[in-house]
Amino acid sequence: MNIRGLFADKEKRRRSVTASLMVVFFTCLLLLVWAFSAEVLKPAGFGTVSARKVENLWRLRLSARLPGVYREPSADEDGKFPYSRFSRGDTMYCTYFGLLNIREEPDAGSPVVARVSYGDSIQVFWKESTGYVRVRYQKPYSADLVEGYCVIEELSESAPADGRVFLDIPDYKQYDSRWGALPLGDSYETIASAGCATSCLAMSYSYLEGAVTTPDGMATRLYYDEHGRLGFPKVYEKDWDSDYLEHALTQLRRGVPVLIGGFTEDDHPHWVLITGYIGDGIELKASDFLINDPASEERPTLAEYLRDYPVHDKIVYYKGEV
């Protein structure tokens, strides 16, 4: 028996098995590296990240496990700042009472592409070195998604809890030359002379439907009698209750604007649209309700409207699903 040959064959087999195991190990390692690289190079919400950002993306993946809202960025070899993704969710809320601008680029001089209302939620993706954040915003009652940048100082991870309401509603004037001379149905009245309710409904529909509807566009949606008096659509609720301020606030918190009608002392009617509330929600005052008045620029609150039209009639609001 050739003992030396036997041991040589065993040694050869051992080396062969070792080599095969090493090939399998390195193949698995390469597959893991490839899989991770393919993941981090996927689109991050707004386009594919370039290959030279891989080092930053490794750092980004680690930062997601650290406490804090975001990690301050550090400049790379080109003097540019990498993106820093938020570590505790993407949903934030507008805390600016009014309309917060979303711009095309992270710069105050960049064009405005949309505006976010107080309390509205917005998706935040990363922070720029300029103090802006990249955002995606879906307008209320609209399928349209807007992408751009807004300042982080006016955003919070928690929704405002102070009870104020601000609805982003267009302000149409019934005397606007584009439609003021148009008749109300077959009557002698025009939008300028008696189209206050028509103008308020146009504002309401524009907001609730997420599409522009001007007073002249309401002609095919509304009914007028021979005197130009309007019949409200069936999807609108009429409320003559004396606690109309409380009811109006309830609807505003649903995201629904409220029409309110009244008379002067000599019985002249007028309608305005309640669009917001700035009070504490405890003591309800007419001066705390914001309005769009289709006949005036000088009456920004409900108190000023009631000063000129003190005889309350009713409120009217959309009663469907929102």
Side-chain angles (χ1 to χ4, degrees), residues 91-103 108 112-124 132-133 135-142 144-146 148-173 199-213 244-260 271-294 296-306 315-320 322:
T91 300
M92 300 189 79
Y93 300 87
C94 176
T95 56
Y96 176 74
F97 192 77
L99 299 175
L100 177 63
N101 290 331
I102 298 179
R103 299 184 180 274
V112 175
V113 295
R115 291 180 172 87
V116 186
S117 294
Y118 179 73
D120 280 357
S121 63
I122 189 169
Q123 295 302 113
V124 176
Y132 282 77
V133 282
V135 298
R136 177 185 290 161
Y137 175 60
Q138 183 166 354
K139 299 178 181 179
Y141 311 114
S142 172
D144 295 339
L145 282 173
V146 178
Y149 298 85
C150 66
V151 292
I152 190 174
E153 287 79 6
E154 303 296 349
L155 299 177
S156 170
E157 290 186 335
S158 301
D162 59 7
R164 295 184 296 172
V165 181
F166 188 97
L167 305 183
D168 181 14
I169 297 174
D171 189 3
Y172 299 142
K173 300 305 179 188
S199 300
C200 289
L201 282 172
M203 300 182 216
S204 179
Y205 272 114
S206 293
Y207 178 73
L208 293 172
E209 296 181 343
V212 174
T213 301
Y244 61 90
L245 291 182
E246 181 178 345
H247 293 195
L249 182 55
T250 298
Q251 297 308 314
L252 288 176
R253 287 175 172 168
R254 290 179 63 226
V256 175
V258 178
L259 288 83
I260 181 168
W271 290 87
V272 297
L273 187 69
I274 304 176
T275 62
Y277 177 72
I278 58 175
D280 57 13
I282 300 173
E283 181 184 1
L284 298 185
K285 298 179 294 184
S287 58
D288 290 333
F289 287 84
L290 307 178
I291 66 170
N292 283 358
D293 188 335
S296 174
E297 295 279 4
E298 307 300 324
R299 291 189 287 257
T301 71
L302 187 59
E304 289 155 316
Y305 164 74
L306 293 176
I315 62 173
V316 179
Y317 52 86
Y318 179 73
K319 65 179 179 181
V322 296

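Numbers here are sequence positions counted from 1.
Using bins of under 30°, 30° to 60° and over 60° for the plane-to-plane angle, the ring pair F166/F97 lands in the perpendicular bin.
Atom CE of M92 sits about 5.5 Å away from atom CD1 of I152, to the nearest 0.5 Å. Distance check: L245 CG to F289 CZ gives 5.0 Å after rounding to the nearest 0.5 Å. The CD atom of E304 sits 9.0 Å away from atom OG of S287, with the distance rounded to the nearest 0.5 Å. Distance CG/L155 to CG/D120: 11.5 Å, rounded to 0.5 Å. For the atom pair CD1 of I274 and NE2 of H247, the computed distance is 12.5 Å after rounding to the nearest 0.5 Å. The OG1 atom of T95 sits 7.5 Å away from atom OH of Y118, with the distance rounded to the nearest 0.5 Å.
When the side chain to side chain contact (heavy atoms under 4.5 Å, CB included) test is applied to K173, the partners found at least two apart in sequence or on another chain are D171, Y175, E297. A search for salt bridge (charged side-chain N to carboxylate O under 4.0 Å, His left out) contacts involving D280 returns nothing, not counting sequence neighbours. Residues that satisfy the side chain to side chain contact (heavy atoms under 4.5 Å, CB included) test with L306, not counting sequence neighbours, are Y244, A286, L302. Y172 meets the side chain to side chain donor-acceptor pair (under 3.5 Å) test with S206; sequence neighbours excluded. Checked against side chain to side chain donor-acceptor pair (under 3.5 Å), E246 has no partners two or more places apart in sequence or in another chain. With sequence neighbours excluded, no residue satisfies side chain to side chain donor-acceptor pair (under 3.5 Å) with D288.
Within the 4.5 Å cutoff, side-chain heavy atoms of V133 are placed close to those of C150. Using a 4.5 Å heavy-atom cutoff, the side chains of D144 and Q138 are not in contact. Put simply, the side chain of L284 reaches to within 4.5 Å of the side chain of Y277, judged on heavy atoms. By the 4.5 Å heavy-atom criterion applied to side chains, P294 and V272 are counted as neighbours.
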Original post:
Under the side-chain contact (heavy atoms from CB on, under 4.5 Å) criterion, do Q123 and T91 qualify, and how do the steps go?
Top reply: CA-CA 5 Å; Q123 295 302 113; T91 300; 2.8 Å; yes

Original post:
Would Y207 and T275 count as a side-chain contact (heavy atoms from CB on, under 4.5 Å) if you check the C-alpha gap in whole Å, the side-chain angles of each, and the deciding distance to 0.1 Å?
Top reply: CA-CA 10 Å; Y207 178 73; T275 62; over 6 Å; no

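Between the side chain of Y132 and the main chain of A108, a donor-acceptor pair closer than 3.5 Å is present. Judged by distance alone, with hydrogens and angles left aside, the side-chain atoms of E154 form no donor-acceptor pair with the main-chain N or O of V151 at under 3.5 Å. Checked by atom type and distance alone, the side chain of R253 never pairs as donor or acceptor with a backbone atom of V165 at under 3.5 Å. Y141 places a side-chain N or O within donor-acceptor distance of the main-chain N or O of G255, the cut-off being under 3.5 Å.
The two atoms that bring P257 and L252 nearest to each other are CA-CD2, 4.3 Å, heavy atoms only. Among all heavy-atom pairs drawn from C200 and L259, the shortest one is CB-CD2, 3.6 Å. The shortest non-hydrogen separation linking I122 to R136 is CG1-O, 3.5 Å. Of all the heavy atoms in S204 and L273, the pair that sits closest is N-CD2, 4.1 Å.
Under the 3.5 Å distance criterion, with hydrogens and angles disregarded, no donor-acceptor pair is assigned to the side chains of N101 and Y96.
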